[in-house]
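This structure is a prediction, so every number in the text was calculated from the model and none was measured. Only heavy atoms go into these numbers, but all of them, side chains included; no hydrogens, no water, no symmetry mates.
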Amino acid sequence: LLEAVLAQLRRAGFRIVVAHGHGPSTKAFMARAREWEEKFGLYMRCAWSEDDRIGFQTDHAAANETSIMMYFHPELVDMAALPQDPACRLEGISGEDPRYHASAGLGRDATRETVARLGRELKALCGQLK
């Protein structure tokens with residue numbers, strides 16, 4: 001399916017594809033990015049970077065993702081719904097405990113840092129396009 005989409009994007013004249021999903025989908029995309037760059041003549045990027053101090057969706061339902069939601073849609077975050085007992089382990093999260101580490105400020109910083117890095121990368125790529 002992704003190869004069909006990439007072929008259509010190239011046929012439509014796109015030269016750069018920025019794709020970002022959630023965990024496994026982003027990892028699968030980036031695992032084949034170099035192969036697809038060669039096959040379709042596209043530059044492939046995602047919002048993640050190993051060098052990010054903080055990034056965009058770098059955990060699963062933990063402080064990072066919760067912070068991003070607090071920044072963009074605070075009305076969708078109900079921290080009071082989480083158990084307040086620190087001994088109560090939260091199920092289904094991978095990352096820092098959002099009860100103690102999430103904030104709209106962290107979401108803002110993660111978003112700004114990611115947008116700034118992607119902006120630099122895309123400017124550099126645009127300069128390489130023929």
Side-chain angles (χ1 to χ4, degrees):
L1 179 61
L2 282 176
E3 287 195 357
V5 170
L6 294 172
Q8 291 295 327
L9 289 172
R10 181 60 181 157
R11 215 176 345 260
F14 286 83
R15 301 289 306 277
I16 300 170
V17 175
V18 179
H20 191 74
H22 187 68
S25 59
T26 299
K27 288 178 184 175
F29 175 82
M30 291 313 295
R32 300 202 50 204
R34 296 294 172 240
E35 170 192 342
W36 289 337
E37 282 182 338
E38 291 178 22
K39 184 173 182 175
F40 298 104
L42 295 165
Y43 291 99
M44 312 293 275
R45 296 295 183 272
C46 78
W48 282 351
S49 170
E50 296 295 324
D51 299 330
D52 281 351
R53 182 179 59 83
I54 56 174
F56 201 81
Q57 289 186 294
T58 59
D59 62 21
H60 184 270
N64 179 266
E65 284 189 343
T66 303
S67 295
I68 291 165
M69 288 304 297
M70 292 169 100
Y71 176 58
F72 283 106
H73 292 286
E75 72 280 6
L76 299 178
V77 180
D78 183 5
M79 297 300 281
L82 296 175
Q84 298 306 307
D85 181 359
C88 182
R89 178 171 134 58
L90 300 178
E91 295 297 325
I93 72 162
S94 177
E96 292 184 314
D97 190 326
R99 296 174 292 188
Y100 311 111
H101 302 285
S103 71
L106 177 62
R108 178 200 61 228
D109 293 348
T111 301
R112 287 180 179 171
E113 187 165 309
T114 300
V115 168
R117 181 187 49 76
L118 276 173
R120 289 188 302 273
E121 285 183 28
L122 293 174
K123 268 187 178 177
L125 283 175
C126 287
Q128 295 174 26
L129 295 177
K130 297 176 185 173

Any donor-acceptor pair under 3.5 Å linking the side chain of Asn64 with the backbone of Gln57?
yes
For the hydrophobic clusters of this structure (ILVMFWY residues joined by side-chain heavy atoms under 4.5 Å, transitively), does one cluster hold both Tyr100 and Leu82?
no
Go through the steps for Ile16 and Cys126 under the test side-chain contact (heavy atoms from CB on, under 4.5 Å), then give the verdict.
CA-CA 9 Å; Ile16 300 170; Cys126 287; 4.1 Å; yes
Beyond-backbone contact of Leu106 with Met70, side-chain heavy atoms, under 4.5 angstrom
no
If you define the side chain from C-beta out and look only at heavy atoms, does anything of Glu35 sit under 4.5 Å from Glu3?
yes
Output the distance between atom CG (Leu9) and atom CH2 (Trp36), rounded to the nearest 0.5 Å.
11.5 Å
Shared hydrophobic cluster, Tyr43 / Phe14 (ILVMFWY, side-chain heavy atoms < 4.5 Å)
no
Flag the pair Pro98 / Met69 as yes when at least one side-chain heavy-atom distance between them is below 4.5 Å, and no otherwise.
no
Do Arg99 and Leu90 have side-chain heavy atoms sitting under 4.5 Å apart?
yes
Non-hydrogen atoms of Ala102 and Thr66 that approach each other most closely
CB-CG2, 3.8 Å
Interatomic spacing from CD in Gln128 to CZ in Arg15 - rounded to 0.5 Å
10.5 Å
Backbone of Ala63 reached by a side-chain donor or acceptor of Glu65 within 3.5 Å
no
Using only atom types and a distance under 3.5 Å, with no angle test, would you say the side chain of Asp59 pairs donor to acceptor with the backbone of Ile93?
no
I want to check something: taking the side chain as every heavy atom from C-beta on, are Met44 and Leu6 in contact at a cut-off of under 4.5 Å?
yes
Residue pair Val17 / Phe40, side-chain heavy-atom distance below 4.5 Å
no
hydrophobic_cluster_shared for Val115 and Tyr71, side chain cutoff 4.5 Å:
no
Over all atoms of both residues, closest heavy-atom pair of Thr26 and Cys46
CG2-SG, 3.8 Å
Less than 4.5 Å apart, side chain to side chain, heavy atoms only: is that true for Arg45 and Met30?
no
With rounding to the nearest 0.5 Å, note down the distance linking CZ in Arg108 to OG in Ser103.
7.5 Å
Would you indicate whether the side-chain heavy atoms of Leu122 and Val18 approach each other to under 4.5 Å?
yes
dist His20:NE2 -> Thr114:OG1 (nearest 0.5 Å) comes out at 7.5 Å
Between Glu121 and Arg117, does any side-chain N to carboxylate O distance fall below 4.0 Å?
yes
